[in-house]
S.K.: 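Starting off with a structure, shown below.
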Amino acid sequence: MHHNPISIQNLSYAYPDGTQALDKINLSIKATERVALIGANGSGKSTLLLHLNGIIMPQAGEVTIGEWSVNSENLRNIRNFVGLVFQNPDNQLFMPTVWEDVTFGPLNMGVQGEELLQRTLQAMTAVDIDPQWYGQRYTNNLSGGEKKRIAIAGVLAMNPQILVLDEPSAQLDPRSRRQFIELLQTLPLTQLIATHDLDLALDLCDRTVVLSQGQIVYDGPTEQVMSNPEFLDGHALESPLCYSRPYCQLEHAPVKASRYRELV
Ligand code: ADP
Ligand code: MG
C-alpha cells in the first residue's frame, strides 16, 4: 500500500474557453483516509476529480496516483487503481442492461467466469441493487437514484484501491443515502468525496478540503470547518443541518452538545 496514494502538486487547469477552474492545488491523501471535498457550484470540485483518473490531463503541475504520474502512458494502470463515480450517472452508464453495465469494467480488465460473477453480485448487493430484479432491466429506464447506485456498483466491481465520488448522495433517497454512508464506512479504501451534503461529510470524513474559485481555502478537521458558519458563508456554503437544528445537536459529539447549550 502506498503511503500517499493521491498526491497533487501545483495543479492548475484552464478550460479551452479560458475559465481558470483550478489554481495551484496542493493535496496529499493518505492510504485509507476518507476526505470530503466541498465548495460552492463552480469552485472546481469536478474538474479536480476528473484529473484523478486522467479524464482531464494536468496542464500545469503534477498528479501522482500510487506510483504513477497521471499521463497518457500510465492511463491503464491509473484507471485500474482509481474508481471514479461521475456527478451525473447518465455520463457513466452506457451498456443496455444493468448486468452488462456492472460487468463491463471487470470484463475489460480480463476478469471472467466465477470471479466475474462473484464481483458483480457483491457490488450490486453492496448498493442494494437486487441482481435478480435489476439484472436484465434497461439502464435507460431507471430513476436517477437507481442509476447512481448502478454506477457505483460498476466502479466497485473493478476492485479499485481509491474511490473518487462526485456528489454521491445527490440523487439518493434518504434510506439509500443512509445505506450508502454505511457502505462507505466499511470500505477499507482511500476515498475522496465531493459533496454538497455537509452532513454526509461530517458522518464520514475526519478531514475536509474546501475549494473556492479553484483554490484550496481550508484543509483540516471536518468538525472545525463545519462549526464555523462565518467561514462557510464567506465561501457560499451553508452550515450542515445538524448544526442548525438544536434537536440534532444533542445526538452528536461534545462540541455540538456544547453549542446546543449556548443556543438554548
Ligand atoms: P464544481 O464541480 O465545483 O461545481 P466544476 O469543476 O464543474 O465545479 O467547474 C469549475 C469551473 O470551470 C466553473 O467556473 C465552471 O463553469 C467551469 N467549467 C466546467 N466545465 C467546463 C467546460 N467544459 N468548459 C468551460 N468551463 C467549464
Ligand atoms: Mg461538480
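Counting starts at 1 for both ligands and their atoms, in listed order.
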S.K.: Do the non-hydrogen side-chain atoms of Leu187 and Leu163 ever get within less than 4.5 Å of each other?
M.R.: yes

S.K.: Can you confirm if the aromatic rings of Phe81 and Trp68 lie within a centre distance of less than 6.0 Å?
M.R.: yes

S.K.: Output the set of protein residues with a heavy-atom contact under 4.0 Å to ligand 1, ordered first by chain identifier and then by residue number.
M.R.: Tyr15, Asp17, Thr19, Ala21, Ala40, Asn41, Gly42, Ser43, Gly44, Lys45, Ser46, Thr47

S.K.: Please determine whether Gln87 has a backbone or side-chain N, O or S atom lying under 2.8 Å from the Mg ion (ligand 2).
M.R.: yes

S.K.: Backbone N or O of Leu241 within a donor-acceptor pair of the Asp199 side chain at under 3.5 Å?
M.R.: yes

S.K.: Would you call the rings of His235 and Phe231 parallel, tilted or perpendicular if under 30° counts as parallel and over 60° as perpendicular?
M.R.: tilted

S.K.: Enumerate donor-acceptor pairs with a distance under 3.5 Å from any side-chain N or O in residues 123-133 to protein atoms, sequence neighbours excluded.
M.R.:
residue	atom	partner	partner atom	Å
Thr125	OG1	Leu121	O	2.6
Asp130	OD1	Gln132	N	3.0

S.K.: Return all side-chain donor-acceptor pairs below 3.5 angstrom for residues 104-116, not counting sequence neighbours, or 'none' if the list is empty.
M.R.:
residue	atom	partner	partner atom	Å
Glu114	OE2	Gln118	NE2	2.8
Glu115	OE2	Arg119	NE	3.1
Glu115	OE2	Arg119	NH2	3.1

S.K.: Quick check on the Mg ion (ligand 2): does Thr47 put an N/O/S atom closer than 2.8 Å to it?
M.R.: no

S.K.: Can you list, pair by pair, the side-chain donor-acceptor contacts under 3.5 Å of residues 34-45, counting residues two or more places apart and other chains?
M.R.:
residue	atom	partner	partner atom	Å
Arg34	NE	Leu204	O	2.8
Arg34	NH1	Leu184	O	3.1
Arg34	NH2	Leu204	O	3.3
Asn41	OD1	His196	NE2	3.4
Ser43	OG	Ala40	O	2.7
Lys45	NZ	Gly39	O	2.8
Lys45	NZ	Ala40	O	3.1

